[in-house]
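Report on the structure given below.
Just so it is clear: chains get the letters A, B, ... in the order the sequence lines come, proteins before strands, and each one is counted from 1.
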Number of protein chains: 2
Amino acid sequence: MAMDDRKMRILQAIIDDYILTGVPVGSRTISKKYDMGLSSATIRNEMSDLEELGFLDQPHVSAGRIPSAKAYRLYVDTLLQTGRIPNDSAETVRSHFAGRIHQMEDVIDHAAQMISSLTHYTAVVLSPKGEQPRIHTIQLVPVSSETALVVIVTDQGMVRDSVIRVGGQMDSDTLYAISRSLTEELRGTTLTEACERMPVIAERISGNDRMLQELYGFLNEDQNAPRRGHMAVGGTSNMLAYPEYSDVDKARNFLSLMETRDKLADIIRGSGGMSFTVRIGPETGVPEMADCSIVTAAYSSRGGQQGTIGVIGPTRMQYSKVLSILNIIGHQLTDMFTGEENE
Amino acid sequence: MAMDDRKMRILQAIIDDYILTGVPVGSRTISKKYDMGLSSATIRNEMSDLEELGFLDQPHVSAGRIPSAKAYRLYVDTLLQTGRIPNDSAETVRSHFAGRIHQMEDVIDHAAQMISSLTHYTAVVLSPKGEQPRIHTIQLVPVSSETALVVIVTDQGMVRDSVIRVGGQMDSDTLYAISRSLTEELRGTTLTEACERMPVIAERISGNDRMLQELYGFLNEDQNAPRRGHMAVGGTSNMLAYPEYSDVDKARNFLSLMETRDKLADIIRGSGGMSFTVRIGPETGVPEMADCSIVTAAYSSRGGQQGTIGVIGPTRMQYSKVLSILNIIGHQLTDMFTGEENE
DNA sequence: GTTAGCACTCGAAGGTGACGAGTGCTAACA
DNA sequence: TGTTAGCACTCGTCACCTTCGAGTGCTAAC
């Protein structure tokens with residue numbers, strides 16, 4: 001027995017209905033609501049076949065069928081193949097981002113907010129990340145007589161800063177002079193390389209041991225704890241609206257997963273930079289997410305860095321809508337990060 | 001009828017038991033578990049009195065009593081008066097903060113994490129905020145040939161930055177020269193004042209209209225959207241562990257409140273900078289929190305700025321433990337923000 | 001003032017039966 | 001040979017009932 005066109009249409013109807021209602025769907029529903037021109041009995045036979053083929057599950061004998069992960073997979077694949085990702089709410093999105101936002105963090109927070117409110121699922125946005133950034137400029141800014149702010153601008157236009165102590169009094173001009181030397185020495189190096197080169201530099205710019213030591217400390221820390229970048233999560237509470245999570249225990253598990261940021265970032269980033277990824281149920285590789293799906297999309301910032309936006313929802317997710325929204329917002333972010341803030 | 005010592009002791013026992021179990025407590029429980037040397041019948045009479053006095057509520061006839069908001073208030077007041085805030089986990093906390101952390105955001109995130117994991121409630125940490133900060137230094141750092149990073153260091157050692165476009169090519173030295181002039185002109189002014197003064201400055205440093213305009217834009221934006229500072233929330237999912245939130249609707253309400261960051265910040269900051277505040281149930285002034293309590297503590301950073309740490313939990317919260325933990329962590333934060341990063 | 005005793009209340013838990021949605025199978029039909 | 005009507009069967013849901021027990025208030029005795 002193989003998949004034929006009619007089976008396909010019936011499966012499609014079952015998936016649509018289940019995504020809509022979240023309730024197991026029976027043969028009568030399909031035969032009535034979606035006019036197939038077939039009686040429920042026929043549908044039943046087909047459904048029985050579909051179950052045998054692994055596309056449908058039956059929670060218990062006297063309930064309808066629900067689509068299996070395999071069914072969603074098929075569904076999503078055809079969705080992605082035909083490429084008809086509708087352009088629903090493009091205008092809303094554009095107008096939201098119209099106001100100029102300076103800080104990357106704000107953009108990311110905004111995006112997460114927006115995705116979750118458009119989809120009604122949980123949204124995650126990760127800031128761009130690529131190979132280790134290279135130092136473009138180092139500048140020391142006086143903070144108090146004993147401390148200075150060290151600002152490192154990377155070639156990708158990202159900024160890292162920290163307050164360090166400088167030994168002894170240093171005025172603005174002295175700090176600037178040191179900044180120039182440091183920039184000259186370190187431009188184009190990665191943080192790791194910069195760390196290695198510090199001893200050499202220490203010889204050249206002597207007499208500031210304290211400061212250089214603190215600087216080294218900062219570089220080293222930053223390099224070793226590879227800044228997972230910024231991450232924004234929006235709409236975690238949305239998930240509780242779905243009957244899948246009316247069980248408090250399940251809900252708590254899900255929420256605490258959302259709270260362990262590092263793990264979450266790994267999961268989302270696990271998609272590996274494909275332009276679109278859909279992981280369904282077990283495919284997520286996370287036991288806690290056995291009945292969730294994760295849809296991610298990539299966006300880029302300058303320097304070819306890849307950021308990720310993602311949506312986490314129940315397996316019966318409105319994939320087509322979600323893909324559409326991620327598509328729009330992904331493009332919007334790419335525009336913002338390559339265009340507006342670029343030279 | 002008035003409150004006497006015995007009534008007080010019984011009330012105390014009821015509160016203790018209810019905080020522990022979350023189940024209405026009956027007269028027998030008190031008479032047996034807490035050896036009062038009184039029979040359940042006597043306790044019953046006293047409980048009846050306590051109810052009349054407004055310290056106890058009865059969910060329904062055949063259940064035990066639960067403490068009212070008024071009772072918690074009394075309880076907390078005596079707790080605060082006697083000042084015996086135990087110093088439980090001071091060592092754990094100290095060792096956690098031992099590793100040097102550069103970024104304020106990290107410290108705050110950490111603190112929220114720690115408070116929630118120690119208390120098993122939801123924790124909120126707000127970064128220090130005081131009167132409008134004054135500009136200490138402005139520095140422009142080259143990012144690309146067309147853009148620069150403007151870094152503003154305030155007198156409280158906080159840093160704000162944004163990338164702006166500079167018209168035409170500017171090398172590092174030119175930018176430094178401009179930075180010096182700007183710092184000279186604007187040191188000691190608030191952001192608002194700085195905005196007002198920009199036209200005057202524009203005349204002096206002419207020929208850089210584009211840049212000054214962008215700079216103005218940044219100052220203005222920052223001033224108008226008074227940076228609510230950083231806020232970290234930890235352990236929202238902890239709340240779901242309490243039977244009070246086994247109702248999914250309630251849980252969702254609570255969680256979406258936790259997600260509207262601005263509102264949450266207002267609520268937490270509503271305590272008004274007292275060193276300790278406890279708001280019980282209706283006292284929170286937030287309908288959604290009618291059966292929550294909010295405990296906050298203040299910590300300070302240099303310049304007398306006040307930050308807030310807070311715990312949100314069910315009204316039957318382990319107040320004494322929470323107060324103790326907030327006490328410790330508040331001190332720790334104060335030490336960090338006034339000592340270590342100070343001159 | 002304290003306590004034992006007792007009738008009473010009421011929620012929680014568990015059991016029962018009607019109901020209905022849905023299935024699989026069979027036999028009839030085109 | 002595919003489709004459909006019919007029917008017996010399954011099983012979860014819901015409403016209803018009973019039982020159980022925790023807890024109360026009241027009264028009378030100590």
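Every side chain to side chain donor-acceptor pair (under 3.5 Å) that B:T277 has, sequence neighbours left out, goes to B:T296. A search for side chain to side chain donor-acceptor pair (under 3.5 Å) contacts involving A:R6 returns A:E46, not counting sequence neighbours. Looking at residues two or more places apart in sequence or on another chain, you find a salt bridge (charged side-chain N to carboxylate O under 4.0 Å, His left out) between B:D5 and B:R9. Qualifying ring-ring contact (aromatic ring centres under 6.0 Å, His included) partners for B:F55, counting only residues two or more places apart in sequence or in other chains: none. With sequence neighbours excluded, the residues satisfying side chain to side chain donor-acceptor pair (under 3.5 Å) with A:D17 are A:K33, A:Y34. Partners of B:K70 under the salt bridge (charged side-chain N to carboxylate O under 4.0 Å, His left out) rule, at least two apart in sequence or in another chain, do not exist in this structure.
For the pair B:L38 CG and C:dG1 C1', the computed distance is 11 Å after rounding to whole Å. In this structure, A:R6 atom CZ and D:dG2 atom P are separated by 9 Å, rounded to whole Å. Atom C1' of nucleotide C:dG5 and atom CG of B:N45 are separated by 14 Å, given to the nearest angstrom. The NE2-C1' distance, from B:H60 to C:dT9, rounds to 9 Å in whole Å. Distance NZ (B:K32) to P (C:dT3): 14 Å, rounded to an integer number of Å. For A:M36 and D:dT4, the CE to C1' distance is 17 Å, given to the nearest whole Å. The separation between A:I43 atom CD1 and D:dT3 atom C1' is 11 Å, rounded to whole Å. Between A:E52 atom CD and C:dG24 atom C1' the separation is 13 Å, expressed in whole Å.
Closest-nucleotide positions on DNA chain C for A:S48 and B:G37 were compared, and the one nearer the 5' end corresponds to B:G37.
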- For DNA chain D, the expected dot-bracket line (Watson-Crick or G-U under 3.5 Å, [ ] crossing, | inter-strand) is ||||||||||||||||||||||||||||||
What side-chain donor-acceptor pairs closer than 3.5 Å can you find for residues 232-241 of chain A, not counting sequence neighbours?
{"from": "A:T236", "atom 1": "OG1", "to": "B:E259", "atom 2": "OE2", "distance (Å)": "2.4"}
{"from": "A:N238", "atom 1": "ND2", "to": "A:S116", "atom 2": "O", "distance (Å)": "3.3"}
{"from": "A:N238", "atom 1": "ND2", "to": "A:Y121", "atom 2": "O", "distance (Å)": "3.0"}

Where do N or O atoms of nucleotides 17-24 of chain D meet protein N or O atoms at under 3.5 Å, pair by pair?
{"from": "D:dG23", "atom 1": "O4'", "to": "B:S62", "atom 2": "O", "distance (Å)": "3.4"}
{"from": "D:dT24", "atom 1": "OP1", "to": "B:R65", "atom 2": "NH1", "distance (Å)": "3.4"}
{"from": "D:dT24", "atom 1": "OP2", "to": "B:S27", "atom 2": "N", "distance (Å)": "3.1"}
{"from": "D:dT24", "atom 1": "OP2", "to": "B:S27", "atom 2": "OG", "distance (Å)": "2.6"}

- Message: Let's go through A:T42 and A:M36 carefully: what are the C-alpha distance in whole Å and the side-chain angles of both, what is the deciding distance for side-chain contact (heavy atoms from CB on, under 4.5 Å) to 0.1 Å, and is it a yes or a no?
- Response: CA-CA 10 Å; A:T42 312; A:M36 296 266 153; over 6 Å; no
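Taking 4.5 Å as the limit, some side-chain heavy atom of B:R316 sits within range of a side-chain heavy atom of B:Y242.
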